[in-house]
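Working notes, beginning with the structure itself.
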Amino acid sequence: MTDIVWHQHEIDQAARGRQKNQNPVLLWFTGLSGSGKSTLAGALEHALFEAGFHTYLLDGDNVRHGLCKDLGFSLEDRDENLRRVGEVAKLMVDAGLVVLSAFISPTRAERERVRRLFPEGQFIEVFVSTPLSVCESRDPKGLYAKARNGEIANFTGISSPYEAPEAAELTIDTSKGELATQVQALVDYLTAIQVIDGEKMMEGLGI
C-alpha cells in the first residue's frame with residue numbers, strides 16, 4: 001500500500017459544490033426493513049432534484065445488482081457491503097453531490113465507520129424509527145414472514161438485532177404524519193445547516 005498515493009486534483013470538492021450551488025453531504029437513512037427508508041429518501045431526492053439540486057440515491061437493493069453482487073447476506077458480507085457503499089458515497093460527495101443512502105445498517109459500529117470517512121457535519125444520520133410492528137405489518141417483500149418461519153437467517157429485527165442510533169441528526173417515524181411533512185422536515189434541516197439555499201428550493205418548487 002506504500003506505493004499508492006492519493007492524488008489531490010486541482011478541482012476540489014468545494015469547487016464542485018460551488019458550481020452546483022450546494023454544500024455536498026451524505027444523508028444516511030437507517031432503520032428496519034419496511035420502515036420507509038427508501039420511500040423517504042426517494043421523496044427527498046425528488047424534491048431536491050425538482051428544485052435544481054444535484055443528488056444521487058444509493059439504495060440497498062440496487063447496489064447488490066452490480067457493486068456488491070458478489071456478496072451474500074452473512075454478517076461478514078453485509079459488513080463489507082456497507083464498507084463499499086461508504087467508500088462510494090465518499091467519492092460522490094467529493095464530486096459535489098448531495099448523496100442519499102437507504103440501508104438497514106443495523107450496527108452502530110458500521111454506521112460510525114462510515115461517519116469517520118467524512119469531515120464533521122458532512123455525514124447526516126437519519127434514523128427512520130418506525131416501530132417493528134408497523135414494519136412487519138407492511139412487509140412489502142414478505143421477508144418478515146419468511147424470517148418468522150425460519151427461512152431467512154440473521155434477519156434484522158427478528159433473528160438479528162438492530163442497534164438504534166443514540167445521537168442521530170434527525171429521527172423520523174414514518175407511521176406518524178404525512179410523507180410531505182416528513183420531507184419538509186428534512187428540507188428544513190438541510191436549509192438550516194446551509195447544505196441548500198432555502199430560497200432556491202422554494203423557487204425551484206414554485207412556492
Side-chain angles (χ1 to χ4, degrees), residues 23-45 48 55-63 68 73 75-90 92-93 97-138 140 143-144 147 154-177 179 181-196:
N23 287 312
V25 294
L26 168 62
L27 290 105
W28 189 271
F29 292 79
T30 176
L32 295 169
S33 177
S35 62
K37 298 182 301 299
S38 294
T39 299
L40 186 56
L44 174 61
E45 186 190 31
L48 293 173
T55 65
Y56 195 86
L57 172 58
L58 289 164
D59 182 82
D61 283 349
N62 290 356
V63 299
C68 299
F73 289 90
L75 297 180
E76 293 77 13
D77 279 3
R78 291 168 70 183
D79 188 66
E80 172 62 14
N81 180 62
L82 292 176
R83 188 196 68 79
R84 294 182 192 182
V85 170
E87 293 291 348
V88 169
K90 181 181 177 181
M92 288 184 164
V93 169
L97 301 177
V98 173
V99 182
L100 307 93
S101 72
F103 294 84
I104 294 173
S105 47
T107 73
R108 297 186 189 104
E110 290 168 333
R111 299 189 299 267
E112 185 59 31
R113 182 179 61 194
V114 178
R115 185 186 287 272
R116 288 196 300 269
L117 296 173
F118 297 88
E120 181 74 23
Q122 207 170 58
F123 177 94
I124 301 167
E125 188 174 41
V126 182
F127 175 32
V128 185
S129 62
T130 310
L132 173 62
S133 59
V134 176
C135 297
E136 192 166 359
S137 70
R138 292 172 178 172
L143 300 179
Y144 281 101
N154 300 318
F155 189 80
T156 304
I158 303 299
S159 53
S160 185
Y162 176 80
E163 298 175 358
E166 296 179 324
E169 279 73 15
L170 286 165
T171 298
I172 295 176
D173 180 348
T174 65
S175 69
K176 299 177 180 179
L179 179 60
T181 303
Q182 296 157 3
V183 170
Q184 188 60 54
L186 289 161
V187 168
D188 290 345
Y189 181 83
L190 294 177
T191 302
I193 65 171
Q194 300 182 325
V195 168
I196 60 173

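When a residue number appears, it is its place in the shown sequence, counting from 1.
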What's the spacing between [X] [atom1] and [Y] [atom2] if we round to 0.5 Å?
X      : Y      : atom1 : atom2 : result
Leu40  : Ser35  : CG    : OG    : 9.0 Å
Ile104 : Thr30  : CD1   : OG1   : 8.5 Å
Ser105 : Glu112 : OG    : CD    : 12.5 Å
Arg84  : Asp79  : CZ    : CG    : 11.0 Å
Gln184 : Leu179 : CD    : CG    : 11.5 Å
Leu27  : Leu44  : CG    : CG    : 6.5 Å

Could you tell me which non-hydrogen atom of [X] sits nearest to which non-hydrogen atom of [Y], and how far apart they are?
X      : Y      : value
Ile158 : Glu136 : CD1-OE1, 4.2 Å
Val25  : Val195 : CG1-CG2, 3.6 Å
Leu32  : Thr130 : CD1-O, 4.3 Å
Val183 : Ala43  : CG2-CB, 3.6 Å
Ala41  : Leu100 : O-CD2, 3.6 Å

Salt bridge (charged side-chain N to carboxylate O under 4.0 Å, His left out) with Glu87: which residues, sequence neighbours excluded?
->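 Expected list: none.
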
Is a salt bridge present between Glu166 and Arg111, judged by a nitrogen-to-oxygen distance below 4.0 Å?
->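 Answer for the salt bridge query: no.
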
Answer yes or no: is there an ion pair linking Asp59 with Lys37, defined by an N-O contact shorter than 4.0 Å?
->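 Looking at Lys37 together with Asp59, the answer is no, because their closest N to O distance does not fall below 4.0 Å.
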
Quick one: list whatever passes side-chain hydrogen bond (donor to acceptor under 3.5 Å, both in side chains) with Asp173, sequence neighbours left out.
->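 side-chain hydrogen bond (donor to acceptor under 3.5 Å, both in side chains) check on Asp173 returns Ser175.
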
Mind checking side-chain hydrogen bond (donor to acceptor under 3.5 Å, both in side chains) for Glu163 and listing every partner two or more places apart, or none if nothing turns up?
->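 Glu163: no side-chain hydrogen bond (donor to acceptor under 3.5 Å, both in side chains) contacts found.
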
Between Thr107 and Arg113, do the side chains contain an N or O donor and an N or O acceptor separated by less than 3.5 Å?
->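 Judged by distance alone, the side chains do not pair up.
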
Polar contact flag, side-chain donor to acceptor under 3.5 angstrom, Thr156-Arg78 =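 Indeed, the side chains of Thr156 and Arg78 share at least one donor-acceptor pair under 3.5 Å.
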
What class does the angle between the rings of Phe103 and Trp28 fall in, given that below 30° is parallel, 30 to 60° is tilted and above 60° is perpendicular?
->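 Plane angle under 30°, so parallel.
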
Side chain of [X], backbone of [Y]: donor and acceptor closer than 3.5 Å?
X      : Y      : result
Glu169 : Glu125 : yes
Gln194 : Asn23  : no
Ser159 : Asn154 : yes
Tyr56  : Ser101 : no

Does the separation of the ring centres of Phe29 and Phe127 fall below 6.0 angstrom?
->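 Ring-ring flag for Phe29/Phe127: false, centres at least 6.0 Å apart.
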
